[in-house]
Peer 1: 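Structure in structure tokens, see below.
Throughout, a chain's letter reflects where its sequence line sits, starting with A, and its residues are numbered from 1.
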2 protein chains.
Amino acid sequence: MSLMNDNIVLAIVDDHPIVIEGLRTLLKEEPQISIAGSFTRGKDFMDFLQHNKVDLVLLDIMLPDTSGMDLCRDIKKLSPDTVVLALSNHTERSIILQILQNGASGYLVKNVSSTELLNCLKEALKGEIAFSKEVKEIITRPSQHEFKQVPTLTKREKQILQLVSQGKTTPVMAQELNVSPLTIETHRRNLLQKFDVKNVAELIMAAVQHKMITGF
Amino acid sequence: MSLMNDNIVLAIVDDHPIVIEGLRTLLKEEPQISIAGSFTRGKDFMDFLQHNKVDLVLLDIMLPDTSGMDLCRDIKKLSPDTVVLALSNHTERSIILQILQNGASGYLVKNVSSTELLNCLKEALKGEIAFSKEVKEIITRPSQHEFKQVPTLTKREKQILQLVSQGKTTPVMAQELNVSPLTIETHRRNLLQKFDVKNVAELIMAAVQHKMITGF
DNA sequence: CCAAAAATACCGGGAAACCAGTAGATAAAA
DNA sequence: TTTTATCTACTGGTTTCCCGGTATTTTTGG
């Protein structure tokens with residue numbers, strides 16, 4: 001886990017060049033941290049990670065290409081010892097828990113102060129879970145409907161969900177995806193089951209609430 | 001307007017220290033630009049502006065204390081010659097137009113590259129309207145659902161919509177409201193018609209997008 | 001008061017969604 | 001390699017949704 005290493009290799013994945021620049025500047029002050037690279041696309045980082053050792057990643061969970069959630073999982077799969085710190089502006093409890101579920105070691109909202117950022121980095125490297133102040137409050141204040149955790153969907157299911165939200169009917173989807181309508185029906189059934197709902201109306205609502213469909 | 005001035009006084013208003021740091025670093029390279037200050041709260045900047053001349057403000061329109069919209073208007077009222085460049089992650093057309101309405105000279109999404117940022121700064125100082133690449137596309141391509149205005153629903157229809165979003169079926173709603181299921185069907189039909197959609201999935205999505213059902 | 005809007009209700013019919021159970025093929029993980 | 005997860009596909013059936021009309025009663029607003 002490179003706990004006691006005095007030299008920590010860090011990477012930044014964020015599609016905002018300004019944020020990257022800011023992080024670089026702030027972290028440059030810390031001699032024990034060396035920045036291996038910064039990436040605006042998830043795929044680029046994964047390529048990098050294939051050939052390089054990275055101790056800690058600052059990961060924006062809202063990226064253009066991949067979902068940050070999936071990327072986080074991919075990172076931990078490829079390199080389990082790499083500590084992932086999620087960086088985002090979202091303050092929904094479900095999102096925070098979801099990213100933790102996917103292997104992140106902490107969650108920072110982007111309005112952290114520089115000192116807060118460094119503290120969290122240190123905590124995360126010690127193996128602890130690190131939250132910025134605001135996030136801690138969100139975590140400790142649970143809300144009603146968040147008891148049932150966010151269901152994990154397969155690739156195909158996500159795809160079907162998206163199409164359903166676009167008003168596509170089963171036969172239409174079957175044609176588009178070149179599979180039997182009966183197959184689509186099965187996926188639909190599984191979606192309803194996983195979300196614990198009875199029909200599309202509830203399904204869409206649940207998906208929207210968990211931000212699993214964008215809407216735009 | 002300080003068009004031809006070789007020394008441009010710039011200020012940054014953003015509640016993300018990281019972003020501020022990034023902007024500072026990027027702009028430090030430009031000798032003709034001097035950064036008068038950076039502020040995480042709108043009020044602080046207004047106090048500063050009272051006693052100092054500022055040529056250009058980079059303004060995050062999502063601030064904790066004031067709405068960026070209001071702040072922009074306040075800035076232009078107090079110091080009409082100060083050029084305001086909005087900085088945000090929102091990509092909704094309506095938001096962009098709104099901030100321009102309030103006196104901003106341009107709009108940048110935060111994922112601008114450093115060169116793009118500098119170009120926009122220069123354009124804005126020349127008195128032009130400056131947009132980052134992504135924003136230009138949004139402006140020129142008005143999106144579908146913004147054409148058709150938000151449908152006006154009757155009391156009953158709102159009620160039905162709410163119930164539908166809760167997964168209630170026609171017979172269930174009929175019982176709850178003590179009317180014939182056929183009546184409910186008619187209301188449903190009218191809802192689909194008003195929203196110009198084919199089925200519940202689309203209906204819910206449209207309603208969510210127009211914020212006509214809360215979700216929570 | 002009277003016209004417009006809204007809420008109510010009906011018919012018939014076709015399409016789609018939902019339910020319960022089963023199961024082969026393949027791909028990924030242990 | 002064996003297990004597990006995922007994607008695929010089927011049978012057979014019930015329920016609900018969606019579409020095309022039409023039409024009466026209340027409510028509401030000018």
Peer 1: Is Asp15(B) paired with Lys110(A) through a side-chain N to carboxylate O contact shorter than 4.0 Å?
Peer 2: no
Peer 1: Under a plain distance cut-off of 3.5 Å, with no hydrogens placed, do Tyr107(A) and Ser88(A) share a side-chain donor-acceptor pair?
Peer 2: yes
Peer 1: Taking only heavy atoms on the protein side, list every residue of residues 169-178 of chain B lying under 4.0 Å from any atom of DNA chain D, sorted numerically.
Peer 2: Thr169(B), Thr170(B), Pro171(B)
Peer 1: Is it true that Asp74(B) and Lys76(B) make a salt bridge, defined as a side-chain N closer than 4.0 Å to a carboxylate O?
Peer 2: no
Peer 1: Can you establish whether the number of heavy atoms outside Gln175(B) located under 6.0 Å from its atom CD is more than 12?
Peer 2: no
Peer 1: Starting from P on dA6(C), measure out to CD on Gln159(B) and report it in whole angstrom.
Peer 2: 15 Å
Peer 1: Which residue, Ser180(B) or Leu153(B), contacts DNA chain C at a nucleotide closer to its 5' end, judged by nearest heavy atom?
Peer 2: Leu153(B)
Peer 1: To the nearest Å, how far apart are Leu191(A) CG and dC7(D) C1'?
Peer 2: 13 Å
Peer 1: Asn190(B) has an atom CG; how far is it from atom P of dT8(C), in whole Å?
Peer 2: 12 Å
Peer 1: How close or far is atom P of dG24(C) from atom CG of Leu182(A), stated in whole angstroms?
Peer 2: 16 Å
Peer 1: Going 5' to 3' along nucleotides 18-30 of chain D, which nucleotides have protein heavy atoms under 4.0 Å from the base (write B), which only from the sugar-phosphate (write S), and which from neither (write -)?
Peer 2: BBBB---------
Peer 1: Cut-off 3.5 Å, side chains only: do Glu134(B) and Asn111(B) have a donor facing an acceptor?
Peer 2: yes
Peer 1: Name the one of Leu27(B), Leu23(B), Leu26(B) that satisfies side-chain contact (heavy atoms from CB on, under 4.5 Å) with Ser114(B)?
Peer 2: Leu26(B)
Peer 1: Should the heavy atoms of other residues, nucleotides or ligands under 6.0 Å from NZ of Lys133(B) be counted, would the total exceed 12?
Peer 2: no
Peer 1: Rounded to whole angstroms, how far apart are NZ on Lys76(A) and P on dA29(C)?
Peer 2: 17 Å
Peer 1: To the nearest Å, how far apart are His187(A) NE2 and dT6(D) P?
Peer 2: 11 Å
Peer 1: Please indicate whether Arg73(B) has more than 12 foreign heavy atoms, meaning atoms of other residues, nucleotides or ligands, lying under 6.0 Å from its CZ.
Peer 2: no
Peer 1: Taking only the side-chain nitrogens and oxygens of Thr154(B), find out if one of them lies under 4.0 Å from OP1 or OP2 of dA7(C).
Peer 2: yes
Peer 1: In whole angstrom, what separates Arg156(A)'s CZ from dA28(C)'s P?
Peer 2: 14 Å
Peer 1: Rounded off to whole Å, could you give me the CG-to-C1' distance for the Leu161(A) and dC7(D) pair?
Peer 2: 17 Å
Peer 1: Can you identify which nucleotide, out of dT8(C), dT8(D), dA9(C), has its nearest atom closest to the Thr183(A) side chain?
Peer 2: dT8(D)
Peer 1: If we count only N and O atoms by modelled type, under 3.5 Å, do the side chains of Arg24(B) and Thr25(A) hold a donor and an acceptor together?
Peer 2: no
